[in-house]
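Predicted model only: the values in this text are computed from it and were never measured. Whatever order the structure lists them in is the order used to number ligands and atoms, beginning at 1.
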Amino acid sequence: MNKRISVQDFARFKAMGEKIVMITAYDACQAFWCESAGCHALLVGDSMGNTVLGYENTLPVTMEEMLSHTAAVRRASKNAMVIADLPFMSYQVSIEEALRNAGRCLKEAGADAVKLESGSDLAPTVAKLVQAGIPVMGHVGLLPQSVLKDGGYRLHGKSVQEAEAIKNDALSLQEAGAFSVVLEGIPAQLSQEISQILSIPTIGIAAGPHCDGQVQVISDLLNLSGAKPPRHAKVYADLCGVATAAIKKYVEEVKQDKFFQ
Ligand code: KIV
């Protein structure tokens, strides 16, 4: 029987120095590709707001959208850990709402864990979720759900004060019981320091090579949309180009009455 990657496996990977591979996946097809390729964890990121649902940022993503996409990813995967990203305002209002919404991700969508964008301010919420039996992945540094407050996306942790605050955020998440933490958009030296201090694994994006694992957005990695990829992204394939060329061929064949030839 296939065994799904667990939080204990994450701890083991860190202890053994084995790099953790996480990727976003938003539907059954993508989950199948990513799992077949050997990814350890599939993050149903709220980046689906931009990459799949056509919103300007992640803020409009709803619980219903997250549950629906997470369930699709879960149905199509057997081995990878499936992590649901708690949408903006689904966990900030109260601990009760956070518990209810994180619980729905596990009960209704079959997620193995949830992720939330948080610092020390939300450590009591993380502690309650973990006490309730919900594995939590934290997320510090650049927080896309704070894009309006921050006035855009930028590198965080460049000043000594900001770096200290991010370090403290990561530590308080670990103390609250988080099993892992995403480090996004911070200098490589800071992510190296945090990865050394923490006993739980760090997963980096735009945070340099020293994290215990990496996460990438599938739409960037495969150039699904044709949009200019962010600077930190590595583009391994041009699926937008391949798909557009194939559909163009279909259009031409139908128009020229050659489809049945
Ligand atoms: O939503 C997302 O894709 C994320 C990753 C960038 C970590 O949170």
Here the atoms of ligand 1 under 4.0 Å from any heavy atom belonging to G45 are 1 (O), 2 (C), 3 (O)
Do V61 and Y153 share a hydrophobic cluster, counting only Ile, Leu, Val, Met, Phe, Trp and Tyr and linking them when any side-chain heavy atoms are less than 4.5 Å apart?
no
Answer yes or no: does an N/O atom from Y26 fall short of 3.5 Å to an N/O atom of ligand 1?
no
Kindly confirm or rule out an N or O of D46 lying under 3.5 angstrom from an N or O of ligand 1.
yes
Nearest non-hydrogen protein atom, atom 5 (C) of ligand 1
L43 CD2, 3.7 Å
Give me the residue, atom name and distance of the protein heavy atom closest to atom 2 (C) of ligand 1.
S47 OG, 3.3 Å
Checking N168 side chain against A165 main chain: does a donor-acceptor pair fall under 3.5 Å?
no
Report the part of T24 in contact with ligand 1, treating N, CA, C, O as backbone and CB onward as side chain, heavy atoms under 4.0 Å; options are side chain, backbone, both, neither.
side chain
Is ligand 1 less than 4.0 angstrom away from at least one heavy atom of H139?
yes
Treat each ILVMFWY residue as a node, draw an edge where side-chain heavy atoms are under 4.5 Å apart, and state whether L67 and V44 are in one component.
no
Examine the proximity of ligand 1 to I203 and report which part, side chain or backbone, both or neither, has a heavy atom under 4.0 Å away.
neither
At the 4.0 Å heavy-atom cut-off, does M22 count as touching ligand 1?
no
Counting from 1, what ligand 1 atoms have a heavy atom of D85 closer than 4.0 Å?
1 (O), 2 (C), 8 (O)
Classify the contact between K115 and ligand 1 as side chain, backbone, both or neither, using a heavy-atom distance cut-off of under 4.0 Å.
side chain
Report, as yes or no, whether the 6.0 Å neighbourhood of atom CD on Q189 holds more than 12 heavy atoms from other residues, nucleotides or ligands.
no
Might you point out which heavy atoms bring H139 and L173 nearest each other, and give the distance in Å?
N-CD1, 4.1 Å
Is the side chain of S68 donor-acceptor paired with the backbone N or O of E65 at a distance under 3.5 Å, no angle test?
no
Hey, does the side chain of E35 reach the backbone of K78 with a donor-acceptor pair shorter than 3.5 angstrom?
yes
Here the gap from D220 atom CG to R231 atom CZ, rounded to the nearest 0.5 Å, amounts to 13.5 Å
